There are 2 protein chains.
Amino acid sequence: METRREQIYSTAGSLFSRRGYAATSVRDIARELDLQGGSLYAHIASKEDVLWAIVADAADRFFAAARPLAASDAPAAARLRGMIHAHIGVVTGQIERATVFLQEWRFLSPPRREAIAARRDEYEGLFRATIAAGIAAGEFAPTDPKLAATLVLSALNGIPGWYRPDGGLSAEAIADHFADTLINGLARRV
Amino acid sequence: METRREQIYSTAGSLFSRRGYAATSVRDIARELDLQGGSLYAHIASKEDVLWAIVADAADRFFAAARPLAASDAPAAARLRGMIHAHIGVVTGQIERATVFLQEWRFLSPPRREAIAARRDEYEGLFRATIAAGIAAGEFAPTDPKLAATLVLSALNGIPGWYRPDGGLSAEAIADHFADTLINGLARRV
DNA sequence: CCTACCGATCGGTAGG
DNA sequence: CCTACCGATCGGTAGG
């Protein structure tokens, strides 16, 4: 029971992720739904509103997946491992929307772009704080938590560039490997 | 003694990196050079040719920086450290062209896009081979070299998303931190 | 390198 | 949701 509007978001997400927002026209979206170009505007107010709906929804999913893990009382390394798995789960499970979130948000108008920039920084803060806690607890070697969080998230956010759902590598296998390598990289030498 | 054509590449690189290829018009480029839109075509054959010139040039720079280090006879960890520094040097030293190379190459026409995909895979192969050599030599823990190379390059290629040349963090400091963390992450536990 | 133009397409709207 | 349209802009070209 998908509403027309949800169909539009889904189709737009697919097209935006493949061709980019700027290179996708509202008529491209309409065509995939067997509608006339102008008919889309019975359901949406503007092309940018569609982008915004996709981006804001994806941001919510990342927070919903990672925040509970960041807030748990497990050791920092275990929390970080869980957050890496959760993040990769969103990226691979919603690959089109995640790609649009990661790559196309810069086409939002300034107020919305700034809102997303703020949310991204807040989200990165979950990783920063977890890494900082791990350093304080002696689990991780002393390092710049901000730079380390950026490294971790950059590695994870590169996944849409090469991941194929039907490839030989499961999201779980990728998450295990990435978590092993990254956490090992942060770990204190014994 | 910059030729007009080089000015066009430089201006286009700046605009493509900021707004994206699809959202930049040839008139945008012309305006920055105080030319009429059509006058650009006295110097270039098409908008796509400009993108191609930038992307192909950036690819050359990455190879020129990393290939000699990959081929040296130093231990694998030292080679990988050098390659990470070299790669980050290109990314931060030519940030606009590097951004266009990393983000906008998908707007190339199919034959050129495939050529760049092949070069990217070849380049990633330098990292794969170095990591595989490190595993064989017992410097690195056994792991999937392909996945590990992808992790490393994803982390490095995220840098244009946040690096600011006038920020408090030098390219060298970033490279040191990233190389430390990534090589530590690959290292064999002792 | 400019003027003036080409056909195509853009996001969006009026009125039904 | 369609038809028919709006003004603006697109990449590119002819002729000078």
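Keep in mind that what you see is a predicted model, and the values were worked out from it rather than measured. Just so we're on the same page: letters track the sequence lines, and every chain starts at 1.
- Here the shortest heavy-atom pairing between B:Gly13 and B:Glu96 reads O-CB, 3.9 Å.
- Across all strands shown, C:dG15 forms a Watson-Crick or G-U wobble pair, both distances under 3.5 Å, with D:dC2.
- The cationic group of B:Lys146 does not satisfy the cation-pi geometry with B:Phe127, failing either the under 6.0 Å distance to the six-membered ring centre or the 45° limit from the ring axis.
- The side chain of B:Arg27 has C:dC5 as its nearest neighbour among D:dC1, D:dC2, C:dC5.
- The separation between B:Tyr41 atom OH and C:dT3 atom C1' is 16 Å, rounded to whole Å.
- Between the P atom of D:dC2 and the NE2 atom of A:His43 lies a distance of 8 Å, rounded to the nearest Å.
- Counting only heavy atoms from C-beta on, A:Ser25 has its side chain closest to C:dG11 among C:dG11, C:dC1, D:dC1.
- Residue A:Leu35 is in sugar-phosphate contact alone, with no base atom involved, counting any heavy-atom pair closer than 4.0 Å across all strands shown.
- Here the P atom of nucleotide D:dC10 and the CZ atom of B:Arg31 are 8 Å apart, to the nearest Å.
- As a whole-Å value, the separation of A:Gln36 CD from C:dG11 C1' is 16 Å.
- When both pairing distances are held under 3.5 Å, D:dG7 makes a Watson-Crick or G-U pair with C:dC10.
- Among the protein residues, A:Gly38 comes within range of the nucleic acid bases, having at least one heavy atom under 4.0 Å from a base atom.
- To the nearest angstrom, P of C:dT13 lies 13 Å from CG of A:Leu40.
- Formation of a donor-acceptor pair under 3.5 Å by the A:Glu48 side chain with backbone atoms of A:Ser109 is found in this model.
- Atom-to-atom, CG of B:Asp28 to P of D:dT9 comes out at 11 Å; the value is rounded to the nearest Å.
- With distances taken from any side-chain atom of A:Val26 to the nucleotides C:dT3, C:dG11, C:dC1, the minimum falls on C:dG11.
- Nearer to the 5' terminus of DNA chain C, by closest-nucleotide assignment, is the contact made by A:Ala23 (compared with the other of A:Gly37 and A:Ala23).
- A:Phe62 does not carry A:Arg119 over the face of its six-membered ring by the limits of under 6.0 Å from the centre and within 45° of the normal.
- If you take NZ of A:Lys47 and P of C:dC10, they are 9 Å apart, rounded to a whole angstrom.
- Going from atom CG of A:Leu51 over to atom C1' of C:dG11 covers 14 Å, rounded to whole Å.
- A:Tyr41 does not carry A:Lys47 over the face of its six-membered ring by the limits of under 6.0 Å from the centre and within 45° of the normal.
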